[in-house]
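Below is one structure, written out as structure tokens; comments come after it.
Not measured: the values here are computed from a predicted model.
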Amino acid sequence: MGEFYTGNKEYFKGIGKIKYEGPKSKNPLAFKYYDSKKTIGKKTMKDHLRFAVAYWHSFCADGTDPFGAATIHHPWSMNANNPMEAAINKMDAAFEFFSKLGVEYYCFHDRDMAPEGVSPTESEKNLRILVSKAKDLQKETGVKLLWGTANVFSNPRFMNGAATNPEFGVVALAATQVKAAIDATIELDGEGYTFWGGREGYMSLLNTDLKREKDNLARFLTMARDYGRKQGFKGPFYIEPKPMEPSKHQYDFDTETVIGFLRHYGLDKDFKLNIEANHAELANHDFVHELETAAVEGMFGSVDANRGDPRNGWDTDQFPISYYETAMAMYVILKMGGFTSGGLNFDSKIRRNSIEPADLFIAHIGGMDTFAVGLEVAQRIIEDAIIPNFIENRYASFKTGDGARFAKGDLTLEELSKIGMNSGYGNIGLTSGKQEYLENIFNQYLLGI
């Protein structure tokens, strides 16, 4: 193999291996901040960030929106004689892209990779053919599968949900897809498996048995967990929280909701969370809030790296460009020890009017550079310890004396009340939180000062 994979046909002609050229580079097809071999702390940038490309947005999305037809015409599909030929061509294009961009991972839905057939049997056969090809290409290129999943939301049969559907036949068909997708993930040595409940919610309680649907969802997830473990899958299962997408009331609204659901049904030992920035915004949370919430509960798994538009109440899935947001995100991730099985998957798509092949590279380069900056800022914050020490000192009253007894659970309410009565009011509670000071410190790190 040469410097990059091209298969029988090169789809991204004129674009070579993307290289690091430094912050002063004017080349749009070069990294300015992401240097895969640069050591940050005890690991390289590549090992810290574990970038993945989303098969669906990068190679399936065509710019279609509710008000207009496709604007992006993929060369791997245009001259294909049938859907399977197009899928095979698309996979060649995908691995060419992965190897030229220099990412280590990718993620996929079953229907991204292989077209649906006229029957479940044909659909599984199509998937097995493409999985076999993907396995060969992974070996040839060194690119690995971060996680797989099943698209049990796009087909009209899933209009009322998959695992939560009121019709048992639909639930059974969802199971055929999930089983096959788990098998595919195992075959491709995927490090995790994700459930994205795109239709698992309801629009009206006038036609919904909410308890039955949540019980069925938990039962379905339990069956999938048990099957995966029986087949030897040792990686984590992920749930991806999101609100109102597209159901009005989503059962996996945000991180707290999902954690409560998993613990209620006894699934928290096998499932972790795949946090998406855009979904956090739609839930009226900051991205870093969702990450911190998952991390402190020991439920953090992986990240779908993107951003939304604060003036657009929908999942716009734009590429990340905010150094502030990525620095905050990487600060949380580094504090908890970094990624284990998860990574940064670009669940992002180029805009409808970005139609040149180079635009897909430029978008990913920008996102990778943005997280590289965030990583370096976060590492400096942790090493200098100004902000971590401030937080530690702010809660110092819980380390000694009665505060320590309270933290250990050694006080009753009567005892705690008596301490309060004896202490009096004084100036208790009037210690500055120094938010502006800390924000200014953070900005100094962000600017490299």
Side-chain angles (χ1 to χ4, degrees), residues 2-6 9-38 40 44-46 48-63 70-76 90 92-106 141 143 277-278 304-309 316-327 329-330 343-377 446-448:
E3 192 181 14
F4 45 77
Y5 173 81
T6 58
K9 178 181 179 182
E10 188 173 5
Y11 289 97
F12 297 95
K13 293 181 179 179
I15 299 176
K17 184 83 171 181
I18 305 301
K19 300 182 184 300
Y20 170 75
E21 295 184 2
K24 294 184 178 181
S25 173
K26 304 297 183 184
N27 179 6
L29 291 171
F31 295 117
K32 316 303 184 300
Y33 301 103
Y34 176 62
D35 181 355
S36 64
K37 297 178 181 179
K38 183 176 181 179
I40 306 296
T44 63
M45 276 193 171
K46 178 182 178 182
H48 271 297
L49 299 170
R50 293 167 62 89
F51 287 127
V53 173
Y55 210 101
W56 51 99
H57 284 326
S58 294
F59 308 104
C60 302
D62 59 9
T71 58
I72 303 169
H73 302 288
H74 300 299
W76 47 86
K90 178 169 59 176
D92 277 329
F95 276 85
E96 177 190 337
F97 182 84
F98 303 153
S99 63
K100 285 183 173 180
L101 186 63
V103 294
E104 189 176 8
Y105 296 99
Y106 71 104
T141 62
V143 176
N278 199 167
D304 268 11
N306 59 19
R307 65 183 167 102
D309 187 324
T316 54
D317 286 335
Q318 295 168 251
F319 278 85
I321 59 169
S322 169
Y323 297 149
Y324 177 85
E325 190 167 72
T326 59
M330 291 310 302
L344 292 167
N345 171 52
F346 286 111
D347 185 11
S348 312
K349 56 188 174 185
I350 53 178
R351 298 300 89 190
R352 176 175 161 81
N353 56 5
S354 297
I355 61 174
E356 295 179 0
D359 291 331
L360 188 61
F361 281 93
I362 291 169
H364 281 84
I365 290 167
M368 294 166 77
D369 274 342
T370 302
F371 266 98
V373 171
L375 170 63
E376 293 212 58
V377 170
L446 204 57
L447 294 170

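- Considering only heavy atoms from C-beta on, D92 comes within 4.5 Å of Y5 through its side chain.
- Residues E96 and K9 fail the side-chain proximity criterion, which asks for heavy atoms closer than 4.5 Å.
- With a 4.5 Å cut-off on side-chain heavy atoms, C60 and K90 count as touching.
- A donor-acceptor distance shorter than 3.5 angstrom exists from the side chain of S348 to the backbone of A305, with no hydrogens or angles considered.
- Closest non-hydrogen pair, D317 versus N306, comes out as OD1-ND2, 2.9 Å.
- Across every non-hydrogen atom of G308 and T316, the tightest pair is CA-OG1, 3.3 Å.
- Between the CZ atom in F98 and the CD atom in E104 there is a gap of 13.0 Å [rounded to 0.5 Å].
- Relative to the ring axis of F4, K17 does not place its NZ or CZ within 45° and under 6.0 Å from the centre.
- In terms of heavy atoms, F346 sits closest to G367 at CZ-C, 3.6 Å.
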Steps toward side chain to side chain contact (heavy atoms under 4.5 Å, CB included) verdict (Y324, L446): CA-CA 7 Å; Y324 177 85; L446 204 57; 4.1 Å; yes
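- Taking every heavy atom of both residues into account, I18 and L29 meet most closely at CD1-O, 3.6 Å.
- The nearest pair of heavy atoms linking L344 to M330 is CD1-SD, 4.4 Å.
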Do F319 and I350 pass the side chain to side chain contact (heavy atoms under 4.5 Å, CB included) test, and can you show the C-alpha distance, the side-chain angles, and the key distance before you say yes or no? CA-CA 7 Å; F319 278 85; I350 53 178; 4.2 Å; yes
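- Side-chain atoms of E3 do not come within 3.5 Å of backbone N or O of G16 as any donor-acceptor pair.
- Proximity of the aromatic rings of Y106 and F97 is defined here by a centroid distance below 6.0 angstrom, and this criterion is not met.
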Compile the donor-acceptor pairs under 3.5 Å between side chains in residues 353-365 and protein atoms, sequence neighbours left out, one pair per line.
from, atom 1, to, atom 2, distance (Å)
D359, OD2, I355, N, 3.2
D359, OD2, E356, N, 3.0
H364, ND1, L360, O, 2.9

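- A perpendicular orientation is assigned to the rings of F371 and F51, their planes being inclined by more than 60° (bins at 30° and 60°).
- Summarising the geometry of M368 relative to V103, their closest heavy-atom pair is CE-CG1, 3.8 Å, with the distance given to 0.1 Å.
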Does the side chain to side chain contact (heavy atoms under 4.5 Å, CB included) test come out yes or no for K26 and E21, once each step is laid out? CA-CA 9 Å; K26 304 297 183 184; E21 295 184 2; over 6 Å; no
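- By the 4.5 Å heavy-atom criterion applied to side chains, Y11 and F59 are not counted as neighbours.
- Side-chain N or O atoms of D369 include one that pairs as donor or acceptor with a backbone N or O of Y34 at under 3.5 Å.
- Two residues are said to be in side-chain contact when any heavy atoms from C-beta on lie closer than 4.5 Å; V143 and F95 meet this criterion.
- Here the straight-line distance linking atom CZ of R352 with atom CD1 of I72 works out to 9.0 Å at 0.5 Å rounding.
- Judged by distance alone, the side chain of K349 and the main-chain N or O of A61 form no donor-acceptor pair under 3.5 Å.
- Looking only at atom types and distance, the side chain of H74 has no donor-acceptor partner in the side chain of D62 under 3.5 Å away.
- Under a 3.5 Å cut-off, the side chain of H48 and the backbone N or O of I40 do form a donor-acceptor pair.
- Looking only at distances, no side-chain donor or acceptor of S58 sits under 3.5 Å from a matching main-chain atom of Y55.
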